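Written below as structure tokens is the structure these notes are about.
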Amino acid sequence: KAGVTQTPRYLIKTRGQQVTLSCSPISGHRSVSWYQQTPGQGLQFLFEYFSETQRNKGNFPGRFSGRQFSNSRSEMNVSTLELGDSALYLCASRLGAVHNEQFFGPGTRLTVL
Amino acid sequence: AQKITQTQPGMFVQEKEAVTLDCTYDTSDPSYGLFWYKQPSSGEMIFLIYQGSYDQQNATEGRYSLNFQKARKSANLVISASQLGDSAMYFCAMREGLRDGTASKLTFGTGTRLQVTL
């Protein structure tokens with residue numbers, strides 16, 4: 001069974017631009033979560049989607065948004081990029097909202113210049 | 001207060017030896033789960049082991065075992081027979097609110113960098 005896939009793996013943008021990251025969960029998994037990892041703040045929860053609905057949201061500004069499609073694939077969008085948005089963005093999937101084992105993708109490394 | 005505390009920024013262990021990575025947590029929720037993840041330099045977070053707060057026995061997965069001491073709120077990871085490929089960052093994480101169905105996010109510790117030497 002294929003794992004969680006994320007595209008692109010690397011991305012370079014400039015301040016003020018917007019970016020869309022994509023995540024395909026493990027086949028059959030309906031819950032997708034997004035995390036931001038930076039050296040200063042560590043791993044922080046962005047949001048979780050289940051059956052196309054956002055279940056929970058972390059403490060991030062409205063520039064960070066996401067969505068989930070009917071096939072469980074998810075996208076995350078960051079608008080008006082700031083230098084501080086440079087990070088590794090990790091997507092994780094699990095079978096359902098009450099299942100605990102959560103599997104991560106390889107991440108998208110975003111650099112904002 | 002930190003929800004997850006990992007007090008060892010870095011650890012060294014010799015190949016074939018066992019090593020314990022410390023993790024303490026803070027929660028008032030009676031229903032929670034504890035996780036350990038491994039993150040090699042490639043960046044991918046690899047799930048290692050899970051322990052539920054109501055689980056009676058300590059979790060084990062191959063060379064990994066979780067030393068769960070509920071009263072002390074600790075969930076240490078024990079890696080037996082260390083291998084060179086075990087060199088990585090290790091993160092302890094917690095998910096609260098398992099019983100009421102609101103469980104969503106994982107809260108991570110700051111991690112421990114493990115270096116396995118010959």
Side-chain angles (χ1 to χ4, degrees), chain A residues 2-6 8-11 21 23 26 29-51 53-60 66 68 87-111, chain B residues 2-7 9-10 23 25 27 29 31-55 59-61 64 66 68 75 88-113:
Chain A
V4 179
T5 57
Q6 291 186 247
R9 293 292 312 278
Y10 301 91
L11 206 50
L21 312 182
C23 170
I26 292 171
H29 284 197
R30 295 168 64 195
S31 167
V32 173
S33 298
W34 289 88
Y35 291 82
Q36 181 197 65
Q37 186 177 24
T38 60
Q41 299 297 318
L43 281 146
Q44 293 187 286
F45 172 77
L46 280 155
F47 26 64
E48 181 182 32
Y49 286 88
F50 176 73
S51 292
T53 302
Q54 189 179 89
R55 287 190 77 230
N56 204 344
K57 190 178 191 310
N59 190 23
F60 278 83
Q68 187 181 33
L88 180 66
Y89 290 89
L90 291 159
C91 167
S93 79
R94 52 182 173 148
L95 196 57
V98 294
H99 291 82
N100 284 307
E101 288 188 6
Q102 192 162 30
F103 301 91
F104 283 79
T108 293
R109 190 166 294 281
L110 172 65
T111 301
Chain B
Q2 293 291 327
K3 290 258 187 186
I4 297 284
T5 302
Q6 295 181 255
T7 57
C23 172
Y25 60 92
T27 182
D29 192 324
S31 182
Y32 54 90
L34 297 156
F35 302 74
W36 277 93
Y37 285 89
K38 170 185 177 182
Q39 188 177 42
S41 55
S42 60
E44 182 172 359
M45 297 285 282
I46 301 167
F47 169 75
L48 295 177
I49 198 165
Y50 167 79
Q51 179 86 44
S53 58
Y54 291 108
D55 293 342
T60 60
E61 288 285 349
Y64 305 106
L66 201 152
F68 181 47
M89 280 291 284
Y90 287 80
F91 290 94
C92 179
M94 176 172 65
R95 177 177 285 129
E96 301 169 278
L98 299 186
R99 179 161 285 182
D100 63 9
T102 64
S104 196
K105 71 174 184 178
L106 286 173
T107 301
F108 286 86
T110 51
T112 295
R113 184 170 298 280

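All heavy atoms count here, side chains included; hydrogens, waters and symmetry mates do not. Worth saying up front: this structure is predicted, and the values here are computed from it rather than measured. Labels below follow one simple rule: chain letters A, B, ... track the order of the sequence lines, proteins then strands, and each chain is numbered from 1.
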Discussion item. Under 4.5 Å from any heavy atom of chain B, what part of A:Tyr35 do you find: side chain, backbone, both or neither?
Written reply: side chain
Worksheet item: Is the number of heavy atoms from other residues, nucleotides or ligands under 6.0 Å of A:Arg9 CZ greater than 12?
Response: yes
Worksheet entry | Gap separating the CD atom of B:Glu44 from the CG atom of A:Leu90, nearest 0.5 angstrom | 9.0 Å
Discussion item. Is the shortest side-chain heavy-atom distance between B:Leu106 and A:Phe104 below 4.5 Å?
Written reply: yes
Item to complete: Find the distance between CG (A:Leu43) and CE (B:Met89) and round it off to the nearest 0.5 Å.
Response: 8.5 Å
Practice prompt. To the nearest 0.5 Å, tell me how far A:Gln37 CD sits from B:Met45 CE.
Written response: 6.5 Å
Worksheet item: At a heavy-atom separation under 4.5 Å, does B:Thr110 approach chain A through its side chain, its backbone, both, or neither?
Response: neither
Worksheet item: Of the non-hydrogen atoms in A:Gln102 and B:Phe47, which two are nearest, and what is the gap between them?
Response: O-CB, 3.9 Å
Worksheet item: In Å and rounded to the nearest 0.5 Å, what is the CD to CZ distance from A:Gln44 to B:Phe108?
Response: 11.5 Å
